[in-house]
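Notes for the one structure printed next.
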Amino acid sequence: MIEAAQSLQFAWFFGKTPDITADKAMKALLGADADQMQTNRVPSPQTPFLSSALRYENGQEFNLNVSPGRADLFIRPDPNSVQPTEGMPLINVSAAAQDVFERFKNGDVNCFGSVYRVAMVAPYLVKCSSIQEAQKIFSEYVGIEGFKEPVSDLAFSFNKRKVSPVDDISLNRIISYSASEFQNISFSIGPNSQENNRVIARSYVFGMNVDINSVPVKDSIRSSALLSLFEDIFREMEGAARLKSPQELK
Amino acid sequence: MSQIDNATNPKLKENDFSALYQWANAARESASQISRSNWTAHLYGELLQALFKMSQLPESHDLFLHSGVSKRAADVLGAIQANTLLAPPRLMNEDGDTVLFSWSDADLKKYLCVDEDDIELEVRKLGARHYCSEIVLTDGAMEVEKILQAVGSMEKNSSEV
């Protein structure tokens, strides 16, 4: 089972964007104050109407964005707790999700009002020693033979819908496999204004992006069913993380 | 209430968008796809920014847009971005109290007109006098399902922006 991911994302979709700002929503959802709060104003932001809250806790960053039609909560490794030379920081998805669900139970998962769609996304990663190893894992998962010549940009994705037992709401289960190389690049200006950019870390990964989301429902999801729906989505997410091939997905 | 300027056109039932598209001889896309490109997502962001900028102009400015209309139009755009694979629409500000989103498709022009109370769909055949329109929502209501039915696009199955 793959357990580590770059982030864990929860998303709420609403027809009428509520007036609640990201810091208040963070307090309602997680029962904790934001360390930073920003409401974007024209002309600077590319995403107007958006309010964004950040909180750092136990080596994790909680980032909540409220924008027209949707709100997204991201849980990522705290970038300040990781050296850039250590390569790609990851979180344990199960531990992060359990922690958030406990907070939701004590908080208000319905703080955005009427919601017609929800989602959870985790870009799971397996760190590899070389791109060849990443491509070998990719080939085993997807079930294709090894390539005779070097290749790059390997990717395969599929969607298998399922009806959730929670109010019979249909779920998209989108799983995307890839084999990739990531580079951390240090940008600096040296003497005589010469650029001195260099790669300080290189990571090879087999990636499995899991996006489980409900299809839009008429009217809205019952408020008393919202937490159960998120929990069911998480069960699907964990099931996807256990897969050894796309065909195993029931 | 439907408005049809040609007696040969079908009588539309309320919110019967399939009949409207049938009349316009434009098949609605019913297939689905996983996600859209980053560039398209960026263009949607530019549209939101334009809406917000117009709402911040002085009331005397030609492009001033009432904040209630701007917010409702942003919600409509957010719903379309989140759930469809439609290309970003063109944006028009009509007298500061209505926003028109428009899409061109071959010989067809589709307008979604948004004001504080109503949302209306209008479909025109280019080069012809014919047009057809249908009220989508009234009284400031927001039902995403009806908006998605009205704009008639492929579903976006992923939850990406």
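The structure displayed is predicted, hence computed values, not measured ones. Reminder, nothing fancy here: chain letters follow the sequence lines and each chain counts from 1.
Atom NZ of Lys71(B) and atom CG of Asp19(A) lie 5.0 Å apart (nearest 0.5 Å). Atoms CD and OG, from Glu145(B) and Ser220(A) in turn, are 12.0 Å apart once rounded to the nearest 0.5 Å. We find the CG-NZ distance between Asn172(A) and Lys156(B) to be 10.5 Å, quoted to the nearest 0.5 Å.
Atom NZ of Lys105(A) sits in a crowded spot, with more than 12 heavy atoms from other residues, nucleotides or ligands closer than 6.0 Å. Counted within 6.0 Å of NZ on Lys24(A), heavy atoms from surrounding residues, nucleotides or ligands total 12 or fewer; the atom is thus considered open.
Remark: side-chain polar atoms of Arg70(A) are paired, donor with acceptor, to backbone N or O of Ser159(B) under 3.5 angstrom. Judged by distance alone, the side chain of Arg117(A) and the main-chain N or O of Asn83(B) form no donor-acceptor pair under 3.5 Å.
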Practice prompt. Begin with the C-alpha distance, continue with both residues' side-chain angles, and end with the deciding distance and a verdict on side-chain contact (heavy atoms from CB on, under 4.5 Å) for Thr17(A) and Met142(B).
Written response: CA-CA 10 Å; Thr17(A) 304; Met142(B) 174 58 87; over 6 Å; no
Worksheet entry | Verdict with supporting geometry, Asn157(B) and Arg161(A), side-chain contact (heavy atoms from CB on, under 4.5 Å) | CA-CA 10 Å; Asn157(B) 287 333; Arg161(A) 277 195 175 177; 3.3 Å; yes
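Among Leu51(B), Leu48(B), Val76(B), the single residue meeting the side-chain contact (heavy atoms from CB on, under 4.5 Å) criterion with Pro68(A) is Leu48(B).
Among the candidates Gly15(A), Ala11(A), Ser114(A), the residue making the largest number of heavy-atom pairs closer than 4.5 Å to chain B is Gly15(A).
In terms of heavy-atom proximity, Leu148(B) sits nearest to Pro216(A) at CD1-CG, 4.4 Å.
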